[in-house]
Amino acid sequence: MTGVLALLILLVPLSGQSLSVAVTRAMSAFGFAVPAVERLSDGALLALAVVTAIVGTWSWRRRKDRRAATMGAAIGVVIAYAASEGLKLLLAQSRPCTRWPAAGVCDAADFSLPSNHAALAFAAVVVIAVAARGGWLTLAALFFAFIVAAARMLEGAHYLHDVAAGALIGLAVPAITAWAACRMRARRLGHGH
């Protein structure tokens, strides 16, 4: 129910345009004032990838009780990316930079819904949360994931609903695969006794 309400808020027209389009247009205009805006999302995503690899490796070596969940979440990152890419091809929504000037380079040949950057960034947050068991590192990762999503809007590459959909995919898929991996591990250990 909450998801449907959020979707309606993003997409229902308000004074001729949806909230998503209005917010995206404003952020895209602001993007011209942000130095090196095109590097912001990729830099934050790279930082998340490095931290995810470090935390995942640390967890794998030191927290054997977290191995199944961490591996499940990591597999979920790949599945989330594939799902995001598949949906992007299926939905075939043009990027906002094809409608108005944008600060970033406009890749008009690629579609925008959902955002792969947001899917990967928020999926990394799940891996870090699972491996590190929450805490300040997860909050820092979440901050960087929001930077990735916002920067994609500042560049003019994505609408607000694109990054919201990408974030949802990125959070849900690795969480589900981590949960499934834990269930499989529990069943396997249960059958061993």
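Heads up: numbering here begins at 1 and tracks the sequence. The model shown is predicted, which means the values in this text are computed figures rather than measured ones.
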Check: T52 side chain, L48 main-chain N or O, donor-acceptor pair, under 3.5 Å: yes
Residues passing the side-chain contact (heavy atoms from CB on, under 4.5 Å) test with V51, sequence neighbours excluded, are V55, I128, L137
Excluding V130, membership of its hydrophobic cluster (Ile, Leu, Val, Met, Phe, Trp, Tyr; side-chain heavy atoms within less than 4.5 Å) reads F122, V125, V126, L142, F146, L171
The side-chain hydrogen bond (donor to acceptor under 3.5 Å, both in side chains) partners of T177 (sequence neighbours excluded) come to none
Closest non-hydrogen atoms of A150 and M27, given as atom of the first, atom of the second and distance, are O-CE, 3.7 Å
Item to complete: Answer yes if the side chains of R25 and Y159 hold a donor-acceptor pair under 3.5 Å, and no otherwise.
Response: no
V23 and M153, any side-chain heavy atoms less than 4.5 Å apart: yes
- Query: Can a donor-acceptor pair be found between the side chains of W60 and T70 at a distance below 3.5 Å?
  - Reply: no
Those residues at least two apart in sequence (or on a different chain) that pass side-chain hydrogen bond (donor to acceptor under 3.5 Å, both in side chains) with T24 are none
Applied to residues 126-135, the salt bridge (Lys or Arg N to Asp or Glu O under 4.0 Å) test, sequence neighbours excluded, yields D65-R133
Residues passing the side-chain hydrogen bond (donor to acceptor under 3.5 Å, both in side chains) test with D107, sequence neighbours excluded, are none
(message) Treating R95 as the side-chain partner and S112 as the backbone partner, does any N or O pair qualify as donor plus acceptor under 3.5 Å?
(response) no
- prompt: Does H158 use its side chain to pair, donor to acceptor, with the backbone of V163 at less than 3.5 Å?
  reply: no
Quiz item: Judged by modelled atom types alone, do S115 and D162 share a side-chain donor-acceptor pair under 3.5 Å?
Solution: no
Closest non-hydrogen atoms of V173 and G76, given as atom of the first, atom of the second and distance, are CG1-O, 3.4 Å
- Task: Spell out, as yes or no, whether a donor-acceptor pair under 3.5 Å connects the side chain of S84 to the backbone of A119.
- Result: no
Legend entry - Short side-chain donor-acceptor distance under 3.5 Å, E155 and H117: no
| field | Any K88 side-chain heavy atom under 4.5 Å of N116 side chain | value | yes
Counting heavy atoms not belonging to F143, are there more than 12 under 6.0 Å from its CZ?
no
